[in-house]
Amino acid sequence: MFKFVLQRLIQSIPSMLGVTIIGFFLVHIVPGGPAQAMLGPKATPLRIEQINREFGLNKPLPVQYIHWLGQLLQGNLGVSYYYNESVWSLIMTNMPRTLSIVGIGIVIAHVVSILLGSIQAYFHDTKFDYVMTALTYFFYSMPYFWLGIIIILVFSINLGWFPSGGLSNPLNPNPGFGSWVAHTTLPVLTLVLGTVAGWGRYMRTSMTEHLVQDYVRTARAKGLKESVVVLKHALRNSVLPLITLLGFALPSLFSGVLLIEVIFNYPGMGLLFWDAANQRDYPIIMGVVVITGFLTILGNLLADLLYGLVDPRIQYN
Amino acid sequence: MIPETLTEAVTEAPILDTQSRSREWQAFRHNPLAVAGVIGLAFLILFSFVGPLIYHGSTTTPHLLATLQPPSAQFPLGTDSLGRDNLARMMVGGQLSLEVGFAAAFMATFIGVVYGLISGMATKWVDVILMRVVDIFIAIPSLFLLLFVDSVFHPSAALLVIVIGSLSWFAMARMVRSEVLTLKRRDYVEAARAVGASNWRIMFRELLPNVMGVVVVNATFQVADAILTVAGLSFLGLGLPPPTPNWGEMLSSSMSYMFQNAWWLIYPPGVAILIVELSVNFIGDALRQAFDPRLRKA
């Protein structure tokens, strides 16, 4: 097991290097380069020259890249132009918030979609199935940003149950766990509604296929209880493809959470990135792109390991 | 010219293939999902492109005495904060959203198919490298890259098509490649090779028609994605430059009037995007059912 994890980690190094190359390249396609970006549109050529020399930007690109990569490995992602603060520490403050939305969202979405999909498959072509299929189509096609707006309209403005955005009440200097829950519920709800639809539909298809397999018939013929047949035999096998799907879904989840954070003004990595894109704060942009790339690759690795845990046919050696 | 291609078609395409293609078309046409999807999409295309010929509202004239008006006889969908006609803006806004979405999806499909075909046919090492590039780009959430490029270059509609198109073909390439890997061991490919067909000929004359099913289905979903991306970018304020409206931008600016409960500004663009997405997803699912014999009902 340990050997397998190590092996997969080593295999993902080229991809991670690739992500850093893209991150590095991004800042160098900016017209005028990083110096111009740092100094703004009114920079004099002399000053640009000075900055270039100061930051080693006049060296050949490969040399610069190696230097930048060395800094990255030491956890140094540069300094934000706007906040004048280390990008690494900015990301480290914001990342846990984003990851908690994504993490909690994924867990809830999985539980709901597995339940929903299985029930629909078991009672397929009933009224319940049709209504749920229509509903999932509806949410599946609904853009995150509009879903978020409607959720704010309903739960925050009309019902007044939750705050409409932010992470804490500005009048309350020491927000507790309750405040965190209040502010995090609606963003998570948006993410869950947006993802459950697709995963639930996938689960329904998978379960429908498994319920008619020979091994399910054999299990029934053995006289096993129906609950054992469905829950232990069919369900366990039908869940497998969902785990692979999770690995593929990670990038779009991060894109989705970016939109959600902007709508709810939730100070996570997405909002940090959006602000940086508006302020042309390139070190943050580069840092967030690289870190999300890493997270996606690690998430895929995790999905692979999880797959092995639930599928006894896979052995690590 | 026409007789030549006709005979070519008759002699080249196996009879079985044309039969199965028409069967797919039959399956698609008789699928209620497909009918609903085509109707929904046709409605919005008519609304956006033919609508302005019938309803002559101005998208830019501000009616300063009638700002944030709910729907009335004069303004069927109300007015926005500058007193501009919301219905007229909805119609014209649809044009840009649909055009950019379809064009970007077409471009992404084209790149993805060619890249996938090349990767699938190439020697092992070239294939490994080409796919590794795809893996890397897939790992980075595309919205992040798009936002960055947009913030730097402030693209026009045409440039936005190129940017979205060139950043969303990766999944398509991966899919086409895996299809090619299984198809290229088939007898008809061996036969073509034995007759001395070049790699290019095998790619585009033998393999392409056979991956078309996968391509068509996924191109549909690509359209759904691209329209959503355009709307999402505009929503984030980094899509298309004003004054030409588009649905995403209209939705984004409506957010400021949420507390005034300006529902006539919030719902129409959202519903329009929802109808496009629903229609395109319906069409995509109907196509998938048509092309996958396991899903085709007798």
Side-chain angles (χ1 to χ4, degrees), chain A residues 12 14-19 21-23 26 29-31 37 137-138 140-147 149-150 152-153 156-158 164 201 205 209 248 250-259 262-263 270 273-274 276-280 282 285-286 288-290 292-297 300, chain B residues 33 36 128-129 132-133 135-153 170-171 174 224-225 227-229 231-238 247-248 251-252 254-255 258-259 261 263 266-267 269-282 285 294-295:
Chain A
S12 56
S15 300
M16 296 208 176
L17 277 177
V19 168
I21 291 176
I22 293 173
L26 278 184
I29 61 168
V30 174
Y137 254 123
F138 184 76
Y140 184 73
S141 304
M142 191 120 147
Y144 272 120
F145 41 91
W146 196 48
L147 192 61
I149 294 177
I150 291 180
I152 294 181
L153 264 179
S156 180
I157 295 177
N158 291 343
S164 65
R201 282 178 46 181
T205 315
E209 275 171 13
F248 286 120
L250 272 179
S252 70
L253 275 177
F254 279 119
S255 294
V257 89
L258 189 156
L259 287 161
V262 172
I263 298 163
F273 185 83
W274 186 61
N278 279 320
Q279 288 149 356
R280 302 189 169 210
Y282 299 114
I285 294 174
M286 194 160 61
V288 174
V289 165
V290 170
T292 15
F294 283 4
L295 285 176
T296 313
I297 293 169
N300 268 315
Chain B
L33 276 182
V128 166
I129 292 168
R132 195 49 98 142
V133 171
D135 286 347
I136 292 164
F137 274 100
I138 282 183
I140 298 177
S142 55
L143 190 60
F144 286 68
L145 290 181
L146 284 166
L147 255 182
F148 170 76
V149 176
D150 267 17
S151 73
V152 174
F153 296 107
F170 310 111
R174 199 186 247 177
D225 273 358
I227 290 176
L228 215 53
T229 306
L233 283 174
S234 311
F235 177 80
L236 291 171
L238 287 158
W247 291 336
L251 198 56
S252 159
S254 78
M255 259 186 88
M258 212 152 50
F259 289 93
N261 225 342
W263 54 270
I266 297 174
Y267 288 105
V271 170
I273 297 172
L274 182 67
I275 296 177
V276 180
E277 293 299 300
L278 266 177
S279 309
V280 176
N281 283 330
F282 280 166
D285 273 355
R294 287 182 310 158
L295 298 172

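These values consider heavy atoms only, across backbone and side chains, with no hydrogens, waters or symmetry-generated copies.
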Q: Heavy-atom distances under 4.5 Å only: say whether A:Val262 touches chain B with side chain, backbone, both or neither.
A: side chain
(Q) Can you tell me which of B:Leu236, B:Leu251, B:Ile140, B:Leu147 forms the most heavy-atom pairs within a distance under 4.5 Å of chain A? (A) B:Leu236
Q | Heavy-atom proximity to chain B below 4.5 Å, by part of A:Phe273 | A | side chain
Q) What part of B:Phe144 lies closer than 4.5 angstrom to a heavy atom of chain A: side chain, backbone, both or neither? A) both
Q: With a 4.5 angstrom heavy-atom cut-off, could you sort out which part of B:Leu33 is near chain A: side chain, backbone, both or neither?
A: side chain
Q: Answer with side chain, backbone, both or neither: which region of A:Ile21 has an atom nearer than 4.5 Å to a non-hydrogen atom of chain B?
A: neither
Q. What heavy-atom pair brings B:Gly232 and A:Phe145 nearest, and what distance separates the two atoms?
A. CA-CE2, 3.5 Å
Q | Test item: B:Ile273 and B:Phe235 side chains (from C-beta on) under 4.5 Å apart, heavy atoms | A | no
**Q.** Side chain proximity check, A:Trp146 to B:Val271, heavy atoms < 4.5 angstrom
**A.** yes
Q.
Does any backbone or side-chain atom of A:Ile22 lie under 4.5 Å from a heavy atom of chain B? Answer side chain, backbone, both or neither.
A. side chain
Q | Check: B:Phe170 and B:Val133 side chains under 4.5 Å, non-hydrogen atoms | A | no
Q | Contact class of A:Val290 relative to chain B, heavy atoms under 4.5 angstrom | A | neither
**Q.** chain A contact via B:Ile266 - which portion, at a heavy-atom distance below 4.5 Å
**A.** both
Q. Closest approach of B:Pro141 and A:Pro251, non-hydrogen atoms and distance?
A. CB-O, 3.4 Å
(Q) Taking side chain as everything from C-beta outward and backbone as N, CA, C, O, which of these in B:Ala224 sits under 4.5 Å from a heavy atom of chain A? Side chain, backbone, both or neither. (A) neither
Q. Which bit of A:Ile152 comes within less than 4.5 Å of chain B, counting heavy atoms only: side chain, backbone, both or neither?
A. side chain
**Q.** With sequence neighbours excluded, residues passing salt bridge (charged side-chain N to carboxylate O under 4.0 Å, His left out) with B:Asp135
**A.** B:Arg174
Q: Specify which of A:Gly256, A:Ala276, A:Ala277 makes the most heavy-atom pairs with chain B at under 4.5 Å.
A: A:Ala277
Q | chain B contact via A:Ser252 - which portion, at a heavy-atom distance below 4.5 Å | A | neither
Q | Heavy-atom proximity to chain B below 4.5 Å, by part of A:Phe138 | A | both
Q) Are side-chain heavy atoms of A:Thr296 and A:Val19 found at a separation under 4.5 Å? A) no
Q. Taking the inter-plane angle between the rings of B:Phe282 and A:Tyr137 on a 0 to 90° scale, is it parallel (under 30°), tilted (30 to 60°) or perpendicular (over 60°)?
A. perpendicular
Q | Partner set under side chain to side chain donor-acceptor pair (under 3.5 Å) for B:Ser279, not counting sequence neighbours | A | none
